[in-house]
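Each chain gets a letter, A, B and so on, in the order the sequences are listed, and its residues count up from 1.
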Number of protein chains: 2
Amino acid sequence: MDFSELKSVCYGCSIRELCLPEGLTDEEVLLLDQHMLHRVPIRKGDPLYRTGDPFKSLYAVSTGFFKTSILHEDGRTQVTGFQMAGEVLGLDAISTDHHLCDAIALEDSAVCEIDFNQFEQLGQLMSNLQHRFNKTLSREIVRDQGIMLLLGSMRAEERLAAFLVNLAKRFSARRQSASQLVLRMTREDIGSYLGIKLETVSRILSRFHDQQLLEVRGRHIRILDPLGLNRLLNSSA
Amino acid sequence: MDFSELKSVCYGCSIRELCLPEGLTDEEVLLLDQHMLHRVPIRKGDPLYRTGDPFKSLYAVSTGFFKTSILHEDGRTQVTGFQMAGEVLGLDAISTDHHLCDAIALEDSAVCEIDFNQFEQLGQLMSNLQHRFNKTLSREIVRDQGIMLLLGSMRAEERLAAFLVNLAKRFSARRQSASQLVLRMTREDIGSYLGIKLETVSRILSRFHDQQLLEVRGRHIRILDPLGLNRLLNSSA
DNA sequence: ACCATTTATTGATCTGGATCAAAGAATGAG
DNA sequence: CTCATTCTTTGATCCAGATCAATAAATGGT
């Protein structure tokens, strides 16, 4: 059976092995995307969903870049993540059947919509899919706990270094340059995510620039000294 | 069929409806605990598991109190949670098949050990169980994101108020007093969890005491003014 | 291309919480 | 019960990062 002949969202997708289908066989992938995948474009600045929206589907980012943020009753907002190709949006909504954050496209993007009811049913048929999905959920927990560590015990400079190193790693896994980053988010978004103010983000980027760790031109960042950045992380200094 | 006659760990358990079996039928609960539950006692101060241990089982706290903490390479440590009866430990380990944090008993405790392989198999047979478990994982993600909000955008006083309100709510759900709290953890543990220093925890508790919000006698805390505490949370003042 | 608006940088000053220090209270092992 | 150890409180001082402020650079709509 030649899978490339079939009309399959996943099959032609270059980030398949970073996405939900990771670790599934070709036949399993086919079953997955024939049953429930649906490609949806989202314009820059538009929400994929908003807090309170009823939960129907998960979304795998196909192309583009998103941010998720939660809104405190007093108006304060906290960016909880930035998602790029292959990453899954909406996992938090499974708990309550309503979305608990806003997901906003930071550039023109496309997502694969995954009907969650159907997905759960397919999980009953394919233990491998269910197993992988448990890992996906668990990985999200680990990611969040990493951010708790960052917010709870790192200084501003370390947080920003960790952020850049993490972004670079994720770009690199997607075969994009690990040194040439284009930030899709504002300094304020970065600050919110890292628990610091936008002025502090800007100042530290400038300092990293002065220290020859980075070249900073607005949102275009080139990592000049990746080891130097990493050194900031692994030393408690 | 009279389930109370059967030897079932869950059936006689008073916190059943706060635990994994939440929402399952009696028959489903029976299937669950006959297949894989195993009660394990843990002494105060002992680890239930440690970072790096191979992952075999999840653990539902039956009685007692735990903390989980992650260890940064440079020696810094971050408490990621406190778990009481009915709460599940080990969800983060599903992602890598190894535990990624330490879980330490803060008092003499008992857990229900749940063999995860068997649990996944049972999930394949009982879609309801699987569905509930997806929700459990998702709820943990939501919890972690709430802590991100706390760490990223609240001041020390608000963090501590949020912590106490949350503890009181959880005790209350377990039919324990919502005003009379006995803290099982040190000021340092609380501080680590909240991203502040132990001296700051102590000072703010003293201040709350002075403001008649609390009565503080070491680890014995009585909440005198729950509305006042809540007011600290909902105002950005 | 132009103007309005949003975003970014940088400086000056202020402050919440960290750090350093020392005394006091609770806990646990023998 | 006693002593050692760990935990907690409180005070004095300091500093990383917040806040306030002003300018400069992007960005987007018409």
* Within 6.0 angstrom of A:Glu188 CD, more than 12 heavy atoms from elsewhere ->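 At most 12 heavy atoms, drawn from other residues, nucleotides or ligands, come within 6.0 Å of this atom.
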In whole Å, I'd like the distance from the [atom1] atom of [X] to the [atom2] atom of [N].
| X | N | atom1 | atom2 | value |
| --- | --- | --- | --- | --- |
| B:Arg207 | D:dG11 | CZ | C1' | 15 Å |
| B:Arg184 | D:dT6 | CZ | C1' | 18 Å |
| B:Leu160 | D:dT9 | CG | P | 11 Å |
| B:Leu183 | C:dA26 | CG | P | 15 Å |
| A:Ile104 | C:dT6 | CD1 | P | 16 Å |
| B:Met154 | D:dA18 | CE | C1' | 18 Å |
| A:Ile204 | D:dA18 | CD1 | C1' | 12 Å |
| B:Leu106 | D:dC7 | CG | P | 11 Å |

* Over 60° means perpendicular and under 30° means parallel, so classify the ring planes of B:His99 and B:Phe55, tilted if in between. =>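 Taking B:His99 first and then B:Phe55, their aromatic rings stand perpendicular (interplane angle over 60°).
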State which of [options] makes the closest approach to the side chain of [X].
| X | options | answer |
| --- | --- | --- |
| A:Glu199 | D:dA21, D:dT8, D:dT9 | D:dA21 |
| A:Lys44 | D:dG17, D:dT9, D:dG28 | D:dG28 |
| B:Arg155 | D:dC7, D:dT10, C:dG17 | C:dG17 |

When you check the phosphate oxygens OP1 and OP2 of [N], does a side-chain N or O of [X] lie under 4.0 Å from one of them?
| X | N | answer |
| --- | --- | --- |
| A:Arg203 | D:dG17 | no |
| B:Lys197 | C:dG16 | no |
| A:Thr186 | C:dT6 | no |
| B:Thr200 | C:dG17 | no |
| B:Arg219 | D:dC7 | no |

* Asked: Checking all strands, does B:Ser206 fall into the base, sugar-phosphate, or nothing category for heavy-atom contacts under 4.0 angstrom?
  ->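 Answer is sugar-phosphate: B:Ser206 comes under 4.0 Å of backbone atoms only.
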* Which residue lies more 5' along DNA chain D, comparing A:Leu198 with B:Glu188 via nearest heavy atoms -> B:Glu188
* Asked: Does the ring centre of B:Phe66 sit less than 6.0 Å away from the ring centre of B:Phe82?
  ->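 That pair fails the under 6.0 Å test.
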* Calculate, to the nearest 0.5 Å, the distance between atoms CD1 and CD belonging to A:Ile141 and B:Gln145 respectively. => 10.5 Å
* Report yes or no: do B:Thr68 and B:Thr80 form a side-chain donor-acceptor pair below 3.5 Å? => yes
